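Here the structure comes first, spelled out in structure tokens, and everything after it is commentary.
Quantities reported herein were computed from a predicted structural model and do not represent experimental measurements.
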Amino acid sequence: MKILVANIGSTSLKWRLFDFSNGQERMLHKGGFERVTDYSKVIEDCLGQLQDAGHIASEKDLAAVGFKTIAARGVTGCVRIDDSVLKAMEAFNGIAPAHNPPYITGIRLFSRRMPSVPLVALFETAFHQYAPEAEMRYAVPDAWLEAGVRRWGYHGASHKFIAERSAQLLGREDVALRAQNLYVNGGSSPIKKPSLRVISCHLGGSSSLAAILDGLSVGTSMGLSPQSGLPQNNRVGDIDGFAVPFVMRTLGLSLDEAERQLCKEGGFKGLSGVSNDIRDIHNAAGKGDAKARLALEIYVANARHWIGAFLAQLNGADALVFTAGIGENDATIRAAICANLDQLGITLDESKNIQTRAQESVISAAGSRVKVMVIPTNEELVVAREARRLLENK
Ligand code: ADP
């Protein structure tokens, strides 16, 4: 069974082709295009590359195309995409303005090009759907909640991968299985006690932390939109809701302009004035740029804030996992986040931390009560696995 996973950005299309034949799980091909202006053409080019590489004779060899979709009104989990799903995504365009519109456009083009191939969405909100209401509700009027204003949480595919993989690495196959079966049975598979408590730190172009209890998300740093939580590349992260009307009145901004600045002029870029890429900010900070240094400190402080919250929620942790571009590669940020947490059971092995780049590794000291780990994420694999499960269960 071959499943194509298509990652659609506002100007990019990236893909990975997975093969699940003979009980194996193999990635056959990956590729992509940046600065895309004509999606129909790049879909054709993608199929052309898969054919030229000998992986498919035509699109009919694809069991499904999977998409890591973001959010939709009243729809989450892993679902077969039809018009009602696309309409539900459209209704949440305002929550994920950078992501939902290109996905909707791209999916419609895939559907036109290959009407007989099942198109499957795994929503980024899915992994958090069973988190306790007390962690997910905002104290807003009921009408706001009905409109969709609550914490949803994102990076679900990545945090789910970390939930499964960390459980495997910690010798808890029972928990890994529960994490795997999540969307099938609501996570009701039996768990051997004691519970497994993992804090997953997805730190990348956008960042979020999740509290994971026995393979299920019970808390997330991301709220209503993927613009929330930690400072993001150029999106603000968490902010007091009253800031928006205040700044609109004080600076005379229109709603559209305030929204644009929240999306484009905040986060790393707004704080540092240098770049939205943490590597550039490290460079500037190294040369004595005070704003760049503060941007890094704010990012670290925000991550620690959520680690503290999740340590309280989970009554400690068995593992603290770093993943995604920054989490996998940036030893300086990992060290800063873990500094002075020995009273909470977290002590890094400095040299293991420095040596670890984009590979699975335990980076905590031998006596650290909490195992600190680096685990490269694989979001596309999670999408492909879930798409396969959906097809096999139908
Ligand atoms: P996304 O998929 O959300 O765009 P990634 O997980 O690929 O994000 O992370 C991208 C970010 O990771 C980059 O913006 C960069 O700041 C950071 N990054 C990537 N490689 C490195 C590295 N070698 N060292 C430090 N940071 C890195």
Next item on the list: Check step by step if salt bridge (Lys or Arg N to Asp or Glu O under 4.0 Å) holds for Glu380 and Lys14.
Entry: CA-CA 10 Å; Glu380 289 79 9; Lys14 296 179 191 152; over 6 Å; no

Notebook entry, point to check: Is there a side chain to side chain contact (heavy atoms under 4.5 Å, CB included) between Met222 and His202 once you walk through the steps?
Noted result: CA-CA 11 Å; Met222 271 191 175; His202 176 109; over 6 Å; no

Next item on the list: Let me see the working for Ile375 and Phe161 under side chain to side chain contact (heavy atoms under 4.5 Å, CB included), right down to the final yes or no.
Entry: CA-CA 9 Å; Ile375 302 179; Phe161 183 84; 4.1 Å; yes

Check: Can you list the steps and then say if Lys41 with Glu44 is a salt bridge (Lys or Arg N to Asp or Glu O under 4.0 Å)?
Finding: CA-CA 5 Å; Lys41 180 173 180 312; Glu44 228 43 72; over 6 Å; no

Notebook entry, point to check: When you look at Val362 and Thr356, which way does the side chain to side chain contact (heavy atoms under 4.5 Å, CB included) test go after all the steps?
Noted result: CA-CA 9 Å; Val362 175; Thr356 299; over 6 Å; no

Margin query: Assess the residue pair Ile104 and Asn93 against the criterion (side chain to side chain contact (heavy atoms under 4.5 Å, CB included)); give the C-alpha distance rounded to whole Å, side-chain angles, the decisive distance to 0.1 Å, and a yes or no.
Written below: CA-CA 10 Å; Ile104 293 165; Asn93 275 354; 3.5 Å; yes

Next item on the list: Just do the side-chain hydrogen bond (donor to acceptor under 3.5 Å, both in side chains) check on Ser21 and Asp19 with the steps written out, would you?
Entry: CA-CA 6 Å; Ser21 310; Asp19 185 6; 2.5 Å; yes

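Ile199 pairs with exactly one of Asp318, Val321, Leu314, Val372 by the side-chain contact (heavy atoms from CB on, under 4.5 Å) rule, that one being Leu314. Partner of Asn7 under the side-chain contact (heavy atoms from CB on, under 4.5 Å) criterion, chosen from Trp15, Tyr103, Phe67: Tyr103. When Ser200, Ser221, Ser217, Ser208 are each tested for a side-chain hydrogen bond (donor to acceptor under 3.5 Å, both in side chains) with His155, only one passes: Ser208.
The number of heavy-atom neighbours closer than 6.0 Å to NZ of Lys2, taken from other residues, nucleotides and ligands shown, is above 12. By the 6.0 Å contact criterion, CD on Glu265 is enclosed, its count of non-hydrogen atoms from other residues, nucleotides or ligands being greater than 12. For Gln343, the CD atom sits in a loose shell: 12 or fewer heavy atoms of surrounding residues, nucleotides or ligands are nearer than 6.0 Å. Counting heavy-atom neighbours within 6.0 Å of Phe246 CZ, excluding the residue itself, gives a total of 12 or less.
Two residues are said to be in side-chain contact when any heavy atoms from C-beta on lie closer than 4.5 Å; Arg26 and Phe18 fail this criterion. Counting heavy atoms from C-beta on, the side chains of Ile346 and Ser364 never come closer than 4.5 Å. Put simply, the side chain of Ile81 does not reach to within 4.5 Å of the side chain of Ser111, judged on heavy atoms. Arg113 is not listed as a side-chain neighbour of Leu109, based on a closest heavy-atom distance of 4.5 Å or more. Here the side chains of Glu135 and Arg151 are not in contact, with every heavy-atom distance at 4.5 Å or above. The closest side-chain heavy-atom distance from Ile8 to Leu13 is below 4.5 Å. Here the side chains of Ile326 and Tyr299 are in contact, with some heavy-atom distance below 4.5 Å. Put simply, the side chain of Leu262 reaches to within 4.5 Å of the side chain of Val244, judged on heavy atoms.
Arg16 contributes no side-chain N or O that, together with a main-chain N or O of Met27, makes up a donor-acceptor pair within less than 3.5 Å. In this structure a side-chain-to-backbone donor-acceptor pair under 3.5 Å is missing from Ser10 to His99. With hydrogens and angles disregarded, no donor-acceptor distance shorter than 3.5 Å links the side chain of Ser12 to the backbone of Glu34. In this structure, Ser228 contributes its side chain and Ser225 its backbone to a donor-acceptor pair below 3.5 Å. Within the 3.5 Å criterion, the main-chain N or O of Ile337 finds a donor-acceptor partner in the side chain of Arg304. Looking only at distances, a side-chain donor or acceptor of Arg334 sits under 3.5 Å from a matching main-chain atom of Asn353. Listed for the Asn233 side chain is no donor-acceptor partner under 3.5 Å among the backbone atoms of Gly267. In terms of modelled atom types and a separation under 3.5 Å, the side chain of Ser361 and the main chain of Ile363 share no donor-acceptor contact. In this structure a side-chain-to-backbone donor-acceptor pair under 3.5 Å is present from Asp214 to Leu196. No donor-acceptor pair closer than 3.5 Å links the side chain of Gln261 to the backbone N or O of Ala258.
If you take OG1 on Thr377 and CD on Glu328, they are separated by 7.0 Å, rounding to the nearest 0.5 Å. Ile333 CD1 to Cys338 SG: the interatomic distance, rounded to the nearest 0.5 Å, is 11.0 Å.
We find that Arg385 and Glu25 are joined by a salt bridge, their nearest charged nitrogen and carboxylate oxygen being less than 4.0 Å apart. Under 4.0 Å is where a charged nitrogen must lie from a carboxylate oxygen, and between Lys291 and Asp289 no such pair does. We find that Lys87 and Asp82 are not joined by a salt bridge, their nearest charged nitrogen and carboxylate oxygen being 4.0 Å or further apart. The pair Lys68-Glu124 meets the salt-bridge criterion, with a side-chain N (NZ, NE, NH1 or NH2) lying under 4.0 Å from an Asp/Glu carboxylate O. A salt bridge links Glu257 with Arg260: the closest approach of a Lys/Arg side-chain nitrogen to an acidic carboxylate oxygen falls below 4.0 angstrom.
The shortest non-hydrogen separation linking Ala63 to Leu391 is O-CD1, 3.5 Å. Residue Pro245 comes nearest to Gly241 through the heavy atom pair CD-O, 3.2 Å, listed as atom of the first residue, atom of the second, then distance. The shortest non-hydrogen separation linking Pro376 to Thr323 is C-OG1, 3.7 Å. Scanning all heavy atoms of the two residues, the minimum distance from Leu169 to Met373 falls at CB-CE, 3.7 Å. Across every non-hydrogen atom of Pro97 and Pro101, the tightest pair is O-CD, 3.3 Å.
The aromatic rings of His55 and His29 stand perpendicular to each other, their planes meeting at an angle above 60°, with 30° marking the opposite boundary. Ring pair Phe310/Trp306 is tilted by interplanar angle, where 30° to 60° counts as tilted.
Residues Val5 and Val382 share a single hydrophobic cluster, defined by chaining ILVMFWY side chains whose heavy atoms lie under 4.5 Å apart. Residues Val36 and Leu50 share a single hydrophobic cluster, defined by chaining ILVMFWY side chains whose heavy atoms lie under 4.5 Å apart. Hydrophobic clustering places Tyr138 together with Trp152 (ILVMFWY residues linked when any side-chain heavy atoms are closer than 4.5 Å, directly or through intermediates). Residues Val149 and Phe123 are members of separate hydrophobic clusters, defined by side-chain heavy-atom contacts under 4.5 angstrom among Ile, Leu, Val, Met, Phe, Trp and Tyr. Both Leu296 and Ile307 are assigned to one and the same hydrophobic cluster, defined by single-linkage of ILVMFWY side chains at heavy-atom distances under 4.5 Å.
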